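Right, one structure below, let's go through it.
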Amino acid sequence: MVERKIGMQNMPENIEKVQLPGVDCAILWGFEQIGLWLGISGAQARARANAGLIPVHRPRGRNVVFAIKSEINTHLCDLARKSRSNVTAAYQVGG
């Protein structure tokens, strides 16, 4: 998978309107806030959530998603840990 660098030209036009909740708020509402939290666009956050790469919740009867910051952070740490262990295993096999 090829990762693209994200610059301001890739950000949605309404980026100035989207704001993160306060530091003490643990919930991100909508893909725009989730994307802003991760440093990616809302569309990229939606695609990654649909692929199962970002843990999101969809309340019944509502057309909105939310994510819990600590769940995202834990998930990303787990991915980094798995990636690191795969690299270590590759060096042990090759060395």
Side-chain angles (χ1 to χ4, degrees):
M1 184 168 116
V2 177
E3 289 292 322
R4 257 185 359 172
K5 297 273 183 188
I6 303 300
M8 289 308 291
Q9 70 274 12
N10 302 103
M11 299 307 277
E13 288 114 29
N14 67 343
I15 191 70
E16 294 83 22
K17 297 177 187 173
V18 178
Q19 294 182 351
L20 288 173
V23 175
D24 58 340
C25 183
I27 297 177
L28 301 166
W29 286 99
F31 288 115
E32 289 78 21
Q33 278 191 355
I34 295 168
L36 193 57
W37 175 257
L38 295 170
I40 59 178
S41 71
Q44 289 170 321
R46 179 188 321 270
R48 291 180 185 187
N50 289 339
L53 299 174
I54 300 172
V56 296
H57 304 276
R58 291 177 167 86
R60 286 187 180 166
R62 304 240 1 239
N63 190 21
V64 67
V65 298
F66 71 91
I68 300 171
K69 292 178 187 178
S70 61
E71 286 182 2
I72 291 176
N73 292 341
T74 301
H75 185 72
L76 293 176
C77 287
D78 289 344
L79 287 176
R81 193 174 305 113
K82 287 177 187 175
S83 176
R84 197 172 323 124
S85 66
N86 289 342
V87 169
T88 303
Y91 279 119
Q92 290 172 349
V93 169

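Computed from a prediction, not measured in an experiment: that's the story for all the values here.
- In this structure the side chain of I40 reaches within 4.5 angstrom of the side chain of R48, judged on heavy atoms.
- Between the side chain of Q44 and the backbone N or O of S41, at least one donor-acceptor pair lies under 3.5 Å.
- I27 contributes atom CD1, which lies 11.0 Å from atom CD1 of I34 (distance to the nearest 0.5 angstrom).
- Within the structure, ring-ring contact (aromatic ring centres under 6.0 Å, His included) pairs that include any residue of residues 24-55 comprise W29-F66 (at least two apart or interchain).
- Applying the ring-ring contact (aromatic ring centres under 6.0 Å, His included) test to H75 and every residue at least two apart in sequence or in another chain returns nothing.
- Residues L79 and L38 share a single hydrophobic cluster, defined by chaining ILVMFWY side chains whose heavy atoms lie under 4.5 Å apart.
- In this structure, CZ in R46 is found 7.5 Å from CG in N50, a value given to the nearest 0.5 Å.
- The distance from atom NE2 of H57 to atom CZ of R62, rounded to the nearest 0.5 Å, is 14.5 Å.
- The structure places CD1 of I54 at 12.5 Å from CD of E71, a figure rounded to the nearest 0.5 Å.
- We find the CD1-CG distance between I72 and L53 to be 12.0 Å, quoted to the nearest 0.5 Å.
- For V65 against R58, the heavy-atom pair with the smallest separation is CG1-CG, 3.4 Å.
- Here N63 pairs with nothing under the side-chain contact (heavy atoms from CB on, under 4.5 Å) rule; sequence neighbours left out.
- The hydrophobic cluster containing L76 also contains V56, counting ILVMFWY residues as joined when their side-chain heavy atoms lie under 4.5 angstrom apart, directly or transitively.
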